[in-house]
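Contents: one structure, followed by commentary.
Note: hydrogens, waters and symmetry copies are ignored here, and every other heavy atom, side chains too, is used. Numbering of ligands and ligand atoms starts at 1, following listing order.
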Amino acid sequence: MNQEILLKEINRKKNNMTEEVIYRQETQDDFQEVFELNNKAFGQDNEAKIVSALRDNPNVFIPELSIVATKNKKIIGHILFTKINIQDDNKNFHESLGLAPMAVLPEFQKSGIGGKLIRYGLETAKQLDYQSVIVLGHEHYYPKFGFEPAEKWNIKAPFDVPSNVFMAIELVKYGLKNISGTVIYPKEFETV
Ligand SMILES: CC(C)(COP(=O)(O)OP(=O)(O)OC[C@H]1O[C@@H](n2cnc3c(N)ncnc32)[C@H](O)[C@@H]1OP(=O)(O)O)[C@@H](O)C(=O)NCCC(=O)NCCS
């Protein structure tokens, strides 16, 4: 390889490494890559299938809240927020959002991409006028983004989980005021 070609090659590699990560709404062209990403991140295709099933349910799927992180046009992360309900003791339903699942390709993990996907998602949800988000997840991770144990609002999971891993965030002040009860997830979460 002559020196000019070598320099071009080095620059190309450097650009690839420094290429910024772009966060944007998922499009139909991304579906297959998002499936493979979830498959790789979770080491099984259950979550990938749940994402596909949720997309097919217009009652819960919000296209703007299926978000991908891309680098050099390759999808390296994905996060999904879907509509969920909180059912109170009087059997009234209150709409909220559930954050699940989220995934970052193993080789890109622990560099902040997951965190940026969460922040991008929360901001988009707020712009779309959603009031709150519920998550079941790591108790030291989600509080970084403002999540607090859902028991603060007397909101419970529909299954047995330690209270510190079941969390909620208000996207607007008083977004969960006077809302308590049990979360009802879309049935698609039980399909696999
Ligand atoms: C969870 C996940 C999306 C985080 O993405 P990421 O880009 O690595 O996240 P960030 O770089 O913003 O943060 C990394 C931190 O999250 C922590 N974390 C978040 N969720 C975690 C989980 N479910 N298990 C273990 N650690 C988790 C890591 O320990 C790490 O902590 P540290 O920074 O103190 O070392 C990624 O690890 C992943 O795809 N995991 C496999 C799929 C999964 O378990 N998804 C979550 C359940 S839906």
Original post:
Quick one: is the NZ or CZ of Arg55 closer than 6.0 Å to the six-membered ring centre of Phe31, and within 45° of its axis?
Top reply: yes
Original post:
Are the side chain of Ser111 and the backbone of Phe108 linked by a donor-acceptor contact shorter than 3.5 Å?
Top reply: yes
Subject >> Gly137 near ligand 1 by a heavy-atom separation under 4.0 Å >> reply: no
Subject >> Exercise check, heavy-atom protein proximity under 4.0 Å to atom 1 (C) of ligand 1 >> reply: no
Original post:
Would you say Tyr141 and Val133 are hydrophobically clustered, going by side-chain heavy atoms of ILVMFWY under 4.5 Å?
Top reply: yes
**OP:** For ligand 1, find out whether one of its N or O atoms is nearer than 3.5 Å to an N or O atom of Pro101.
**Re:** no
**OP:** Verify the distance criterion only: is there a donor paired with an acceptor across the side chains of Asp88 and His94 at less than 3.5 Å?
**Re:** yes
Subject >> Lys110, portion touching ligand 1 at heavy-atom distance under 4.0 Å >> reply: both
Original post:
Is the shortest distance from a Lys or Arg side-chain nitrogen in Lys40 or Asp45 to a carboxylate oxygen in the other one below 4.0 Å?
Top reply: no
Subject >> Nearest protein heavy atom with distance in Å, relative to atom 39 (O) of ligand 1 >> reply: Val104 N, 2.8 Å
Original post:
Which atoms of ligand 1 are found less than 4.0 Å from any heavy atom of Gln109?
Top reply: 8 (O), 36 (C), 37 (O), 38 (C), 39 (O), 40 (N)
**OP:** Considering only non-hydrogen protein atoms, determine which one is nearest to atom 48 (S) of ligand 1 and report residue, atom name and distance to 0.1 Å.
**Re:** Met102 N, 3.5 Å
**OP:** Classify the ring geometry between Tyr142 and Phe147 as parallel (under 30°), tilted (30 to 60°) or perpendicular (over 60°).
**Re:** perpendicular
**OP:** Check whether any N or O atom of Gly112, backbone or side chain, sits under 3.5 Å from an N or O atom of ligand 1, and answer yes or no.
**Re:** yes
Original post:
Counting N and O atoms only, with roles assigned by atom type, does the side chain of Asp30 sit under 3.5 Å from a partner on the main chain of Val34, one being a donor and the other an acceptor?
Top reply: no
Original post:
What is the nearest protein non-hydrogen atom to atom 34 (O) of ligand 1, stated with its residue, atom name and distance?
Top reply: Lys144 NZ, 4.0 Å
Original post:
If we only count N/O pairs under 3.5 Å, is Ala41 in contact with ligand 1?
Top reply: no
Original post:
Going by distance only, is there an N or O of Gly114 that falls short of 3.5 Å from an N or O of ligand 1?
Top reply: yes
**OP:** Give the residue, atom name and distance (to 0.1 Å) of the protein heavy atom nearest atom 15 (C) of ligand 1.
**Re:** Tyr141 CE1, 3.7 Å
**OP:** For the pair Glu139 (side chain) and Asn164 (backbone), establish whether a donor and an acceptor sit closer than 3.5 Å, ignoring hydrogens and angles.
**Re:** no
**OP:** Give the residue and atom name of whichever protein heavy atom lies nearest to atom 22 (C) of ligand 1, and the separation in Å to one decimal.
**Re:** His138 CD2, 3.6 Å
Original post:
Do you see a donor-acceptor pair shorter than 3.5 Å between the side chains of Gln44 and Asn39?
Top reply: no
**OP:** Keeping the roles fixed (side chain from Ser52, backbone from Ala48), state whether a donor-acceptor pair exists under 3.5 Å.
**Re:** yes
Original post:
Got the closest protein heavy atom to atom 43 (C) of ligand 1, with its distance?
Top reply: Phe42 CE2, 3.4 Å
Original post:
Counting each atom of ligand 1 from 1 as listed, which ones have a heavy atom of Gly115 under 4.0 Å away?
Top reply: 12 (O)
**OP:** State the atoms of ligand 1, each with its element, that fall below the 4.0 Å cut-off from a heavy-atom position in Ser111.
**Re:** 11 (O)
